[in-house]
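Input: a single structure, listed below in structure tokens.
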Protein chains: 2
Amino acid sequence: MSHTLGVRQAQKQKTRQALLDAALGLLAEQSLSSLGLREVTRVVGIAPAAFYRHFKDLGELGVALVEEALGSLHVMVRAILAEQDGAEERIDRTVAVVERHVRAYPLHIRFIARERHGGVRAVRQAIADELDRFAEEVAAALKSQPVSEGWRDDDIRMLAELYVDRLVTTAAALLDADEDGAPGAADQVVLTARRQLRLISIGRQHWQEEGDLS
Amino acid sequence: MSHTLGVRQAQKQKTRQALLDAALGLLAEQSLSSLGLREVTRVVGIAPAAFYRHFKDLGELGVALVEEALGSLHVMVRAILAEQDGAEERIDRTVAVVERHVRAYPLHIRFIARERHGGVRAVRQAIADELDRFAEEVAAALKSQPVSEGWRDDDIRMLAELYVDRLVTTAAALLDADEDGAPGAADQVVLTARRQLRLISIGRQHWQEEGDLS
DNA sequence: CCATCCAGTAAACAACCGTTCTCTTAACTT
DNA sequence: AAGTTAAGAGAACGGTTGTTTACTGGATGG
């Protein structure tokens, strides 16, 4: 198999990817709803009209960016969830993965954090859907752990959402810390993230004891 | 005292407020970096050039909006923190306050959620600073509670950040649920938020026990 | 009462925008 | 080899943008 795909389509996908890359670069310092079509094509080096051969909208390009941005993180965390080590080790490894990912794809993280509540409805929706699937996977992984014995399904789900949310927030904070230039800022974020996850983990272990007073 | 302030300055503050209101309204469906100066003045009904009598920038207007948006929530939560009831009651009341606040000032919440990672540096910074002061206040309140006996200061701080972050996230989620039109969505968010706070509270109570295995 | 101040007006500016055409040219099909 | 397809070029369009200028007219304070 592996049909050579044709010179034609190959070139098309190449400039399509160039459009995505250019847009992602520009979005490091502005938001999608203020991004100009001409601005993007100018960076790529093609005529403005050529844009329409690939996307009918900047919103459509945005949705494509969402898939690209969340795809890689998706597999990485899935790998972590499959592991079977202790809670403490898992926390350390999770945070380490997030840290590495932020360093490897800072523009992707920026984009997601920025457009999650941004001005383009379609993109917001795409991110929400993707994060939802993400939470569902986390929930499935949590459920198969012995600590979750006797948990209600929606309690597992709420815990999964708490985790996912924390990962996204941590990634964004880490990014901010990195570009602030302050030397120890990033390490501080990592430390805080680990302890927050630890606290959540502790809460999880005592969740079923019920009787809680001030 | 209460000097009548002068007809002159009163009128000026009036149109200044009108500019803020108009901008906030427009920002319900776009982000600050795509908002046009003329767009705002058109809504208010004044000439574009008159804008410069009040702000030199749309960024400056944005910073003013940050103060307006976070000011009210600030006092409300401060009131809650001062209370001395049990953990469970405090959680319920906190979530209730957030819910009421979202309903009362939805545009403020939208704005904060959107511009927290938005495209205008000055506004991002203003929000970060404000949320930082917020976390500091929460930390102070947490410290004076008996549960915090023997806690390290930076552990209290990390808990405070966890709480603040959760409130902001919950507010944004609640807003999304409201405008989605789905009937039970908002209640679901409230329920989830309460349980997440409860889990964090449980983790807090067992924080010092240390020994945790999977 | 009169001179000063200043919030807002009106017009003009060059720069940029998204979108629509027609045309070219190279890759594909048969 | 001839005919078809489609990515991209290039120019033109009406419209909007931020900013600057000179101005008006009513509140302000001596």
Side-chain angles (χ1 to χ4, degrees), chain A residues 1-23 25-27 29-65 115 118-123, chain B residues 1-23 25-27 29-65 115 118-123:
Chain A
M1 39 181 89
S2 134
H3 200 257
T4 4
L5 192 64
V7 182
R8 198 91 169 254
Q9 297 202 18
Q11 183 57 32
K12 175 162 185 178
Q13 283 203 356
K14 208 170 177 179
T15 70
R16 184 192 138 103
Q17 189 59 46
L19 283 170
L20 289 171
D21 293 346
L26 291 167
L27 287 173
E29 282 172 3
Q30 61 184 306
S31 49
L32 183 59
S33 62
S34 75
L35 183 65
L37 177 154
R38 297 181 100 107
E39 210 176 339
V40 180
T41 56
R42 198 181 304 133
V43 172
V44 177
I46 63 175
F51 179 89
Y52 297 103
R53 302 286 178 197
H54 302 273
F55 309 96
K56 67 173 245 289
D57 231 16
L58 272 171
E60 199 172 286
L61 180 145
V63 172
L65 274 180
E115 301 303 329
V120 183
R121 178 174 299 269
V123 173
Chain B
M1 36 181 91
S2 131
H3 199 258
T4 6
L5 194 63
V7 182
R8 197 98 170 237
Q9 296 202 17
Q11 183 58 33
K12 175 162 185 178
Q13 282 204 357
K14 208 169 177 180
T15 70
R16 184 192 138 103
Q17 189 59 45
L19 283 169
L20 288 171
D21 292 348
L26 291 167
L27 287 173
E29 282 172 5
Q30 61 183 306
S31 50
L32 184 59
S33 62
S34 75
L35 183 64
L37 176 154
R38 296 182 100 106
E39 210 175 340
V40 180
T41 57
R42 199 181 304 132
V43 172
V44 176
I46 63 176
F51 178 88
Y52 297 104
R53 302 286 178 197
H54 302 273
F55 309 98
K56 66 174 247 290
D57 231 16
L58 272 172
E60 199 173 285
L61 180 145
V63 172
L65 273 180
E115 301 303 328
V120 183
R121 178 173 299 269
V123 173

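Numbers restart at 1 for each chain; the letters A, B, ... are given by sequence-line order, proteins then strands. Values below: all heavy atoms of this structure, side chains included; hydrogens, waters and symmetry mates excluded.
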Answer with base, sugar-phosphate or nothing: what part of the nucleic acid does A:F51 contact at a heavy-atom distance below 4.0 Å?
-> nothing
Which residue lies toward the 5' end of DNA chain C, B:A50 or A:R42, if each is placed at its nearest nucleotide?
-> B:A50
Pairs under 3.5 Å (N/O, protein and nucleotides 25-28 of chain D):
residue, atom, partner, partner atom, Å
D:dG26, N2, B:R8, NH2, 2.9
D:dA27, N3, B:R8, NH1, 3.1
D:dT28, OP1, B:V7, N, 2.9
D:dT28, OP1, B:R8, N, 3.1

Candidates D:dT17, C:dC21, C:dG8 - which lies nearest the side chain of B:R38 = D:dT17
Round to the nearest Å and state the distance from B:F55 atom CZ to C:dA7 atom P.
-> 13 Å
Do the non-hydrogen side-chain atoms of B:I46 and B:L19 ever get within less than 4.5 Å of each other?
-> yes
Residues, nucleotides or ligands: over 12 heavy atoms within 6.0 Å of B:E60 CD = yes
Could you check how far CG of A:L26 sits from P of C:dC17, rounded to whole Å?
-> 11 Å
Counting heavy atoms not belonging to A:Q17, are there more than 12 under 6.0 Å from its CD?
-> yes
Return the value, rounded to whole Å, for the distance between atom CG of B:L61 and atom C1' of D:dG18.
-> 15 Å
B:L37 has an atom CG; how far is it from atom P of C:dA15, in whole Å?
-> 19 Å
Within the pair B:T15 and C:dA7, is there a side-chain N or O less than 4.0 Å away from OP1 or OP2?
-> no
What's the OH-C1' distance between A:Y52 and D:dG10, to the nearest Å?
-> 15 Å
Taking the side chain as every heavy atom from C-beta outward, state whether B:K12 and B:H54 have any atom pair closer than 4.5 Å.
-> yes
Short side-chain to backbone donor-acceptor contact, A:E115 and A:L32, under 3.5 Å | yes
Return the value, rounded to whole Å, for the distance between atom CD of B:E39 and atom C1' of C:dC17.
-> 14 Å
Among D:dG8, C:dC21, C:dG8, find the nucleotide with the atom closest to the side chain of A:A49.
-> C:dC21
Find the distance B:R53:CZ to D:dT20:P and express it as a whole number of Å.
-> 12 Å
Starting at atom CD1 of A:I46, determine the distance to atom P of D:dA7, rounded to an integer number of angstrom.
-> 11 Å
From the list D:dA9, D:dG8, D:dT19, which nucleotide is the closest neighbour of the side chain of A:A47?
-> D:dA9
Does the pair A:F51 and A:L58 meet the rule for a side chain to side chain contact (heavy atoms under 4.5 Å, CB included), with working shown?
-> CA-CA 9 Å; A:F51 179 89; A:L58 272 171; 4.0 Å; yes
Close side-chain approach of B:L65 and B:L27, heavy atoms under 4.5 Å | yes
